[in-house]
Novice: 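Quick one: structure below, then a few questions.
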Amino acid sequence: MHQPVTAKSDAYGASLLGRLDELAVFSEVEGQLTRRYLSPAHLAANRQVAAWMQAAGLRVWTDPLFSVFGRYEGRRPNAPAIMLGSHLDTVLDAGRYDGALGVLAAIAVVAELSRRGERLEHAVEVAAFGEEEGSRFPTHILTSSALIGAVGRDLLEGRDRDGITVSAALAAAGGNAEAHLDCGRRPGEIAAYLELHIEQGPVLEARGLAMAAVTGINGSQRLAVTVSGTAGHAGTVPMVQRRDALTAASEMVLALERLAHSEATLVATVGQIAALPGAQNVIPGKVAFTIDMRSPCDDVLARAAKALALELEQIAARRGVHLEAATYQTNAATPLSPVVITAVLEAIAACGHTPLSLPSGAGHDAGIMARHCPAGMIFLRCKDGISHNPAEAITAEDADAGVRALLEATRRLDGRLAGNQTP
Ligand code: GLV
Ligand code: MN
Ligand code: MN
């Protein structure tokens, strides 16, 4: 029987950070990390990760939506798999750990199993998903959704800022949107899903802890809003006669902020906004913006969506502008699996760390996978809780602890799912 390694070290951590640095070079923009789904940088990162999977002893393939998978067989051929993974796409001007950490740590785990010649009751699959962020197309958590058969035509017809649909981008990259159903996994094929991810918040650091088991993923709702007024001359139209789409939209943004403050668990963000025609001497005739609302409680989200719709309509009516608001993605709050949470808590303790349980304010592929199989996550401390920002940072010691805990949790999960409580 293996012994969990409790010694403090950065043996896995230093090489993991080295690879994360190497991967961060795959960017669309020089001098920053921007790796949107299906960009040449994303496809190149996929190829690099596939090569690392191969070198770790995995059988590798890419599915029609460009998720990359690697499989390490268990003691019996074709056994159900414990899937470890995360995503390789990034937000614009990203940090290098969000997503990539979970994929590269999973490869490190399998490389260690392979080095030891250790086979589990389950196969271990590593997954590198794409468009988790939704930074290119409107739909986020896209390619993991395909595994559970939750990608429909409407999602594939979503367009990026240049008007290119997901289907067209897939075809240009050599993929095949029509084959999205082939990405689906049969029930039982994946026995469990486990994702290591930076916390993206400040709780672990404040408590002086390295890791936590994630209890659930907050629900989210995304809306596209268009406000249409009348474009006009900035010097000649009296203030009282204007139908300025931007001042109306500004009032809507502040109404959203007030609404979020009025509910203890609600957060809301306008992250994209464009005023047209976008000239300094033209009254904006049209404004398009996005709304991202999240809460651990679906009732709060539903109540907020209703209140928001009413407020936006009132502002539009008072200012004489036309309003279109469409919800284009809703993800219900998702509890994670008790069996995975238990394995993670035990693994953190077995690796010599104090375990903690935390909910996730961010969305994750684990939230989608939880609709298909028992799913869980390990959160790793990150500097100042900063994420979606190039200043994201973790230490080599914590990275090391993350790999050890992921390996240990995988073994424990293997034992629990195989009916053996104490692996
Ligand atoms: C992904 O990072 C999300 O929560 O938007
Ligand atoms: Mn992420
Ligand atoms: Mn993210």
Side-chain angles (χ1 to χ4, degrees), residues 20 23-24 27 32-37 42 45 49 67 83-106 126-145 158 193-201 204 212 214 216-224 260 265-272 290-296 301 327-334 336 358-370 375-382 385-394 399 402 406:
L20 285 158
L23 199 66
S27 173
Q32 63 166 241
L33 173 53
T34 293
R35 195 163 60 226
R36 292 172 307 156
Y37 179 53
H42 173 234
V49 165
S67 294
M83 182 176 276
L84 309 178
S86 195
H87 59 98
L88 293 182
D89 63 302
T90 72
V91 293
L92 312 183
D93 199 10
R96 58 189 54 184
Y97 305 103
D98 176 358
L101 171 73
V103 177
L104 301 196
V126 177
F129 294 118
E131 196 56 313
E132 189 272 352
E133 301 286 8
S135 40
R136 177 168 180 186
F137 295 103
T139 304
H140 68 140
I141 329 182
L142 180 68
T143 77
S144 52
S145 297
Y193 175 82
L194 179 57
E195 178 168 355
L196 176 73
H197 203 284
I198 53 169
E199 182 202 345
Q200 308 184 278
L204 283 169
V214 181
I217 299 189
N218 287 359
S220 66
Q221 210 175 105
R222 289 187 177 185
L223 294 90
T265 64
L266 184 68
V267 291
T269 307
V270 173
Q272 273 180 357
T290 56
I291 292 177
D292 176 314
M293 295 197 292
R294 311 200 192 194
S295 169
L301 268 183
T327 301
Y328 61 86
Q329 195 167 13
T330 302
N331 288 305
T334 308
L336 293 175
L358 279 181
S360 173
H364 295 288
D365 295 298
I368 296 296
M369 294 304 294
M377 294 187 75
I378 306 174
F379 270 172
L380 192 71
R381 167 171 54 195
C382 58
I386 290 174
S387 184
H388 284 188
N389 182 318
E392 257 175 26
I394 60 173
L406 188 61

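Atoms within a ligand are numbered from 1 in the order they appear, just like the ligands themselves.
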Novice: With distance as the sole test, does Arg35 use its side chain to make a donor-acceptor pair with the main-chain N or O of Leu88 at under 3.5 Å?
Specialist: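 Answer holds: yes.
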
Novice: The Mn ion (ligand 3) is nearest to which N, O or S atom of His388?
Specialist: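 Nearest to the Mn ion (ligand 3) within His388's N, O and S set: NE2.
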
Novice: Using atom types as modelled and distance alone, determine if a side-chain donor or acceptor of Ser360 lies under 3.5 Å from a backbone N or O of Leu358.
Specialist: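 No; judged by distance alone, with no hydrogens or angles, the pair does not exist.
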
Novice: Short N/O distance, under 3.5 Å, between His140 and ligand 1?
Specialist: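 Between His140 and ligand 1 (N or O atoms, distance only) the closest approach is not under 3.5 Å.
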
Novice: Can a side-chain donor-acceptor contact be found between Glu195 and Ser86 if the only test is distance below 3.5 angstrom?
Specialist: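 Yes, side-chain donor-acceptor contact under 3.5 Å.
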
Novice: Which is the closest N/O/S atom of Asp98 when seen from the Mn ion (ligand 3)?
Specialist: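 Answer by atom name: OD2.
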
Novice: Tell me the contacting part of Arg294 for ligand 1: side chain, backbone, both, or neither, using a 4.0 Å heavy-atom threshold, strictly below.
Specialist: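 The side chain, only.
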
Novice: Heavy-atom distances under 4.0 Å decide this one: backbone, side chain, both or neither, for His364 against ligand 1?
Specialist: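 The answer is neither; His364 stays 4.0 Å or more away.
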
Novice: Heavy-atom distances under 4.0 Å are what count here, so tell me which part of Arg222 touches ligand 1: side chain, backbone, both or neither.
Specialist: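 It is the side chain that touches ligand 1; the backbone stays farther off.
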
Novice: If you measure from CD1 on Ile217 to CG on Asn331, what distance do you get to the nearest 0.5 Å?
Specialist: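 One gets 9.5 Å once the value is rounded to the nearest 0.5 Å.
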
Novice: Look at the side chain of Ser135 and the backbone N and O of Arg36, then say whether any donor-acceptor pair between them is shorter than 3.5 Å.
Specialist: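 No, the answer is negative, given that no donor and acceptor are paired below the 3.5 Å cut-off.
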
Novice: Considering just N/O/S atoms, say which atom of Glu133 is closest to the Mn ion (ligand 3).
Specialist: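 Restricting Glu133 to its N, O and S atoms, the minimum distance to the Mn ion (ligand 3) goes to OE2.
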
